[in-house]
Structures are given as structure tokens and as C-alpha cells.
Amino acid sequence: MSTGPTILPAGPDALLLEVAGLDEVLALDAALRAAVDGGAASWASVTDVVPAARTVLLVTRPGTDLVALAAAIRALPTPRHSDFVRLACGSTPEKGPTSAPKSHEVGGGGVEIVVRYDGADLAEVAAMTGLDPAEVVRAHTSTLWRVAFGGFVPGFGYLVGGDPRLQVPRRESPRTRVPAGSVALAGEFTGVYPRASPGGWQLIGTTDAVLWDPDRSPPAVLTPGTRVRFVDIEASR
Amino acid sequence: MIPALEVLETGPLVLIEDEGRPGHASVGVGHSGAADRSAHRLGARLVGNDEHLASLEVLLGGLRVRARGRLTVALTGAPAPARVDDRPIGHASLVDLAHGSVLTLGMPAAGLRTYLTVRGGIDVAPVLGSRSADTLSGVGPPPVRAGDVLPVGPAGATFPHVDQAAHPSHAVPWGSGDTGVAELEVLPGPRSAWVGGWGSSLGGLLGTTWHVHGDSDRIGLRLSGFRVERAAPYRDVELPSEGLVRGAVQIPAGGAPVLFLADHPATGGYPVIAVLTASAIDRAAQLRPGDLVRLRPPP
């Protein structure tokens, strides 16, 4: 039984940390960000912390002592996984060692995204899940989601922690153009397209929220660790 | 008058680049920056710039610019014939541009990217702390076009120390001379085990003489000529996407390697079996389609 991540080489200036799954990624990513933000010497040369589905990449400035960094990683406190079990059940965990550091939070720990649930695939998602469209909306708005990782295009976040009934496959043929602000589902994830792009996720709604603005600091709303609640525009009126 | 470069003509692609944009990979914005980092830095050192100031990355020459105000410039990277008005100028040398004089950059005989560095730097507005054009995410200044007037920043307190730099060892020729094959040094990657492990030939990655494929750009260099074979336990395994570094050697499903350069995506879903050293990345950024390349571990 392993207690820490597997540390893999990634060239002269980086380490790739591998863990068992997404819950462990969320915990490790939060612990790493806290360590980097904490400013201790061994973390000072880390420029990027890049979580993904089963790994977290640490990129450093050239010349960094990766052996010392690996030792600092092994010395990190073991993350508490229980937070994420509770999160998956839709409650808000207390701030603990695994919560994201302040600088990565928006609006005091979470963001609300107001959605018009008018997506082109809403009826199909309802059919696939055995729910009616109103139940899909309720399921999507009733849990607290959390950004697991980014990628794909600037400002896009893969959000986890949704109602398990909402797991649907990607569309068989991707759309060549998904409009900006589309709120979509695929697998265990939900996400919001920050700009028009090709995409294969199931579209359930749209939002006017600007999730990526390079002139804003931070430019992305959906940074890893951020907690998100979706709000139905009809219900919020 | 604000000192500036007035762009009269461009070749295939001219981009504004600096040391890049670290710190945003987790929200899908890569590091970007000059593709041949050492050439950009040499230019900065020659004119007395801080390395964080931006230069022009000129792909395959074809640039003509007119000086507004008196400027000090240097050309580094791929050596190309160049002149100021009718006077030929040297490579990796300090060049004085009088107000109104025109610098013309021809096609390099070898290599891809020539850097034009101006004392004071190209002073366009930074985006997320950098003036680099990222061709993948679209973040940063747009490509330079004829008619652009590029402001030049104030010169720093540091003065140039030398008039000319010796060519860096990798500059001429880009290959290794006699054989005409560029040698690129690689270090272990996170998924070396997928192709037999470090110490093996990495499924044929090492020891093969590869061709640089035409479908190569600032995002990555595609190699052709052979297929890297996965080790038996990994043949039909899917890899969930994971973070990518500049210099990553990735093996997509078809087995033809991709060497990721400055504008690489933040994450990728194929195994990275090795990573180029910093100087190998700079050399790779100067390879042309059709060039021959071999990868090898450090001696």
C-alpha cells in the first residue's frame, strides 16, 4: 500500500507525480499548491503545478535540485481523502489541509455560475439518464462541484463531484463549433466552454459568465480546487 | 518620437517572443516564449537587454524593417544574409541603425529561426506577464504584419560588452557536420517503461535516423521514418491525459514521435518516453522539414 505519489522523471526541470485516481489528484494538488504558496525554500523554484486525471506535473526553473524537491514531496503530510467523499455527497467540507489556498479561490471559497438550461442535448441527456429535463437540472444544480484540472483551452476546467446519475458518454460525433458559455457533461465531468471551439460534450445549458479574461487577475475563474455551484436562472428569478 | 521598428515586409511568419509565460499551465495556457531560447538570450546579451525583453522571431527570413529613431540591434539564431540599406551586416554582431535606415533579412542557408533583438526590447503590451505570441492558445500579441509599428522600449542601464559573439557550437551546421544528422540529447521521460525502459533503445527511438516531417511548427516537431514500438504490457493501454513539458518526446498511437517545442499543449494523452535537454530543444527548434535527426542519451 502506497502512502505517497509515485515520482516519475520528466526531463531536466520537472517531475510527474502519479496517484491512484482523481480524489488523490485533488488532494495532492491542493497540498502542493499550499506548499508552493507557503514559500518554503525547497518549493520556491516551482513555476507550475499541473493536475490531470491521475497525475500532477511539477515544473521548475532550470537548475532546480530535483532530488531535494522529490524529498520535499515525500515529506508532505498525507492528504485526507474523507473531504472528497463528503464533497461527492454534496456538502461543503470544512477548511482543512486539503482545501485550496486562498489565492486560488474566488468569492470566498466558491463560485456560483448562473445557467440557462436550454442546451441542445438536454432532452437526449434526460433520455440517457432516465430522468426528465427538470430532474437533470435539479441534479446538476444540487451538488457542489469542484475543478479537478484544466487543459484543452485556456480557462476550461474539468469539474467533478456531480450527481452520479448525470454520467453520460461524449457525443458520438463531436460538434465542429460549440458556442462560448456552453455548459456540458461528459463522463463524470461537467465543464463550461470559455470560448467557441470544437467539442464532443453533451450540451445542457448556457451561461453569460466570463470564465477566461487574460486582462483579469487571475485570468481563469475555474482554477484547480475551486468549488462551483450551478444555479438555474429560472429558479433564481 | 518614440523609437520603433516600422515593418515594411514579412516572410512566412514573424512573432514577438520573450522568455515565456510560466505559471498558467493549470488553466490551459502553456509557457510559450522563444523557440530557440539560447539564440534569444544571446541577442539579449549582445545588445545589453534583460532576457525578459521581447525580440522578433523570424521564420525563414523575408523581414524588412525601417528604424524610427537611432537603434542598436543584433541578429542571432539561424544565420541569414542581411543588410542595412545597401551595406551587408554580420551575424551575432552589434549593428547600429540610423533613423530611417532599412534592415533587410534574407533566407537563412540552414536553420529556421533568426532573432532580431533591439536594445530596449519590442515594447508591446504584455499579456499575463509576457509579450510572447503563443500560437496554440492564441494568448499574446498577434503575428507581426507589414504596416505594424513596433514600439521599442527604453534602453536599460546595462551597456553592450562585446561587438560580436562567436557562433554557438550548434549554430552552424544544424546537423553534426560530416554526417548531416542533428544529434539531440534526451533524458528519461515519465513513461520510458512503456517502450522498454531507460537503458533500452526506447522501442527504436534511439538509434533510428529520423526525418523531420513537414507538419512541424512551434507546437512540435514531428518525426517520420520508423514506428516506435510499445513494450508488450502497454500495447493496448490508454493513458489518461497528463501534464506536458517543453521538450517532451511523445509517442502517439501511430508510433511516430512528436518533439514538443515552446507552444506545446499543457496536457497530452499519449506516453512521453523521453525529454530533450534544454540545448537539444533549441537545436530542434532550428530543424527544417527533411532534416535528419538522431536522439541519444547523455554520454
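Proteins get letters first, then strands, A, B, ... in listed order; numbering begins at 1 in each. Since this is a predicted model, take the numbers as computed values, not measurements.
Arg61(A) does not touch chain B: none of its heavy atoms, backbone or side chain, sits under 4.5 Å away. If you measure heavy-atom distances from Pro188(B) to chain A, the contacts under 4.5 Å come from both the backbone and the side chain. Contacts between Thr47(A) and chain B at a heavy-atom distance below 4.5 Å involve backbone atoms as well as side-chain atoms. In this structure, chain A has heavy atoms under 4.5 Å from both the backbone and the side chain of Ser137(B). Only the side chain of Arg191(B) comes within contact range of chain A, with at least one heavy atom under 4.5 Å from a heavy atom of that chain. Residue His31(B): no heavy atom, backbone or side chain, is found under 4.5 Å from chain A.
Taking chain A as the reference chain and counting heavy-atom pairs below 4.5 Å, the highest number among Ala278(B), Pro22(B), Gly23(B) is found for Gly23(B). Taking Val50(A), Val56(A), Asp29(A), Leu15(A) one by one and counting their heavy-atom pairs under 4.5 Å with chain B, the maximum is reached by Val50(A). Residue with the most contacts toward chain A among Ala193(B), Pro190(B), Gly243(B), Pro265(B): Pro190(B) (heavy-atom pairs, distance under 4.5 Å). Looking only at heavy-atom pairs under 4.5 Å with chain A, the residue among Val249(B), Val245(B), Thr277(B) that has the most is Val245(B). With chain B as partner, the option from Ser217(A), Pro194(A), Pro154(A), Gly157(A) having the largest number of non-hydrogen pairs under 4.5 angstrom is Pro154(A).
Within 6.0 Å of OH on Tyr270(B) lie no more than 12 heavy atoms contributed by other residues, nucleotides or ligands. Within a 6.0 Å radius of CG in Asp213(A), more than 12 heavy atoms belonging to other residues, nucleotides or ligands are found.
Side-chain contact check for Val27(B) versus Phe156(A): every heavy-atom pair is 4.5 Å or farther apart. Residues Ser26(B) and Arg33(A) form a side-chain contact, since some pair of their non-hydrogen atoms from C-beta on lies under 4.5 Å apart. Using a 4.5 Å heavy-atom threshold, the side chains of Val275(B) and Pro12(A) count as touching. The shortest distance between side-chain heavy atoms of Glu242(B) and Leu57(A) does not fall below 4.5 Å.
Across all their heavy atoms, Ala53(A) and Pro240(B) have their closest contact at CB-CB, 3.8 Å.
Remark: Leu244(B) CG to Leu16(A) CG distance equals 9.5 Å, nearest 0.5 Å.
In summary, of the residues considered (Val139(B), Leu128(B), Val127(B)), a side chain to side chain contact (heavy atoms under 4.5 Å, CB included) with Pro219(A) occurs for Leu128(B) alone.
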